[in-house]
Amino acid sequence: MRYNILIAALSIALLPVSSLAQEYPKEVVDAAHSISSHTLMDYVHEMCLPTYEGRGAGSEGYTKIANWVADHLSQWGVQPTGDDNTYFQKYPWPYTEVLAPGEVELIVVQKGDTIRKPYTIPDQFFPGSNSDSGIVEAEVVYVGFGISAPELGYDDYKGIDVKGKIVVFASESPAKSDHPDVEKWVPYSLHQYKFKNALEKGAAGVLYVGTIANPSIPFQKEMVYAHIGDQVVAELFYGTGKEYGALKNSIHKTIKPASMSLKKSARIVAQTVHHPNTITSNVLGLVEGSDPDLKDEVILIGAHLDGQGNPGVLLPGALDNATGVANIMEVARAFAQLPQKPKRSVAFIFIGAEETGLIGSNYFVNNPTIPKEKTICFINLDMVGNGRGLALWGAESYPHILEPFAKANADFVHRNFSSSPARIPRTRPRSDAAVFLKAGYSAVSVGATERVKPVNYHHPDDKPENTITPEIMEDASQVLFLGVWNLANR
Ligand SMILES: [Zn+2]
């Protein structure tokens with residue numbers, strides 16, 4: 001990046017080691033060095049323990065982890081800045097408990113014989129996090145993206161009878177992100193819409209293509225569903241003369257449905273209990289600035305604290321997002337323990353119910369406990385723990401925010417450092433940063449680039465030993481701490 005080169009050149013010209021001490025007080029350098037990968041990994045391991053149930057929004061495990069974070073903030077002397085002078089900002093979140101993985105089975109009748117093929121979790125199928133409890137055994141019908149959009153001249157259900165049957169559809173929509181009218185398709189790309197439409201058309205069950213845990217589908221009353229992987233999808237199409245990938249591509253290309261009966265049946269079993277009156281929370285703390293005038297201005301750092309829960313199999317959520325939480329905990333501790341605080345205040349938000357559809361960040365921007373006009377920026381951390389390079393995504397749109405971080409990187413950790421302009425997504429929003437951006441905040445995201453390990457996204461194998469490179473967490477946290485320190489003193 002051009003900017004990167006400029007900063008690198010400046011730092012070589014202006015910053016021999018001896019000058020660092022003048023710019024960063026010794027206590028600040030010491031505090032940065034006190035951030036260690038050992039502590040960061042201890043936090044990550046703790047958050048991944050089964051007692052926290054994958055930190056699913058609404059679960060008891062989530063309440064436990066929220067208390068655990070609040071206890072740390074309290075020990076360090078970080079001030080509570082949630083509701084009524086507590087660390088918590090509470091809001092309703094109906095929660096579904098998955099009691100067992102359930103079943104997905106393919107049923108084919110051949111020359112009078114019934115062949116049943118059961119599948120296994122987690123790679124062949126994955127239980128629906130918000131399925132109703134029940135058993136459905138019925139004919140399977142392919143309905144593309146599960147969309148009926150008359151004003152766009154598109155209907156996956158046109159001329160197709162799905163009453164009492166199981167429908168198979170994909171996420172997103174026929175319009176890819178480069179389609180000129182992609183915005184018009186956004187409401188139809190929401191999981192919530194697709195399931196509602198399937199129910200309205202009379203479907204009894206859904207097999208959703210793609211085996212990831214996906215708690216962002218709302219509770220499905222009177223609908224049983226599961227996620228299915230490539231093998232199951234391929235076997236559903238056997239004998240139809242069609243191939244799934246080719247059909248999907250043809251829909252993208254022509255924006256015309258390709259729905260059809262798959263001429264075989266499936267059985268889905270789901271065992272769940274829905275808790276409609278659950279409460280969940282964001283956790284909020286603040287380190288007050290030292291300047292009497294500037295301390296009202298706040299730099300807000302956030303990471304989602306919830307995970308994908310335990311839908312019949314534990315999802316530890318190590319990279320996503322125990323890493324982001326650990327990163328900002330260490331930064332919170334380092335600021336709280338500084339003898340001389342920066343001029344502006346620094347606040348921390350551990351966001352709840354992100355995985356269930358960005359509920360916690362939406363709740364905060366609609367009910368801010370820190371005045372929006374005093375919030376200099378929101379800095380998001382999600383999955384910052386796997387890679388060789390660092391980034392501050394979105395910051396090219398705010399040079400005054402980018403510069404302090406690029407400088408911290410150039411002064412201390414010397415990672416490849418990238419950025420990008422801030423953009424409100426044209427497709428459905430998928431991060432807390434997008435929620436803040438849409439609400440009118442300056443919002444950026446710390447990222448790790450040049451991945452070196454698998455990500456195992458929303459998969460039971462997102463474990464600390466599989467998906468994390470601890471050194472990048474340490475460097476990301478140090479750059480975050482020093483970048484915020486620079487920004488807070490400008
Ligand atoms: Zn995440």
Side-chain angles (χ1 to χ4, degrees), residues 40 43-44 47-48 52-59 61-62 65-66 69 93 126 129-130 171 191 210-217 227 280-283 300-311 314-329 348-365 378-387 390-394 425 427-438 443-449 451 453-464 466-469 472-473 476-477 480:
L40 290 162
Y43 292 157
V44 168
M47 283 182 263
C48 293
Y52 301 114
E53 302 174 66
R55 311 182 298 283
S59 69
Y62 180 83
I65 204 69
V69 171
W93 181 249
F126 208 89
S129 302
N130 277 300
S171 60
H191 308 304
T211 43
I212 56 164
N214 191 343
S216 71
I217 294 161
H227 303 269
T280 193
S281 62
N282 299 328
V283 180
L300 179 61
I301 311 174
H304 74 84
L305 177 58
D306 68 314
Q308 305 101 43
N310 186 347
L314 179 71
L315 290 138
L319 181 59
D320 186 10
N321 185 29
T323 53
V325 170
N327 286 325
I328 69 172
M329 282 176 74
F348 306 90
I349 176 169
F350 300 85
I351 299 166
E354 187 265 3
E355 298 288 5
T356 58
L358 309 173
I359 308 300
S361 51
N362 272 293
Y363 191 85
F364 179 84
V365 298
F378 171 70
I379 304 171
N380 194 44
L381 282 92
D382 196 351
M383 303 172 68
V384 186
N386 179 343
L390 291 175
L392 196 64
W393 303 121
T427 51
R428 75 189 158 88
R430 300 175 80 162
S431 79
D432 289 324
V435 171
F436 277 82
L437 202 57
K438 223 176 148 197
V444 297
S445 300
V446 177
T449 58
R451 295 229 188 272
K453 285 190 158 186
V455 170
N456 298 342
Y457 186 67
H458 288 205
H459 189 279
D461 288 341
D462 182 5
K463 296 177 180 168
N466 296 338
T467 55
I468 296 177
T469 48
I472 199 74
M473 288 185 75
S477 303
L480 181 63

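All ligand and atom numbering here is 1-based and tracks the order in the structure.
Taking all atoms of both residues into account, the shortest heavy-atom contact from Val44 to Met473 is CG2-CE, 3.8 Å. Across every non-hydrogen atom of Ser281 and Ala66, the tightest pair is OG-CB, 4.1 Å.
When you scan the N, O or S atoms of Asp320 for the one nearest the Zn ion (ligand 1), you land on OD1.
Taking 2.8 Å as the criterion, Glu355 does not count as a coordinating residue of the Zn ion (ligand 1), since none of its N, O or S atoms falls below it. With a cut-off of 2.8 Å, the Zn ion (ligand 1) has no N, O or S atom of Glu354 in range.
The backbone N or O of Lys453 lies less than 3.5 Å from a partner atom in the side chain of Asn386, making a donor-acceptor pair.
For the residue pair Asn214 and His227, no side-chain donor N or O sits within less than 3.5 Å of a side-chain acceptor on the partner.
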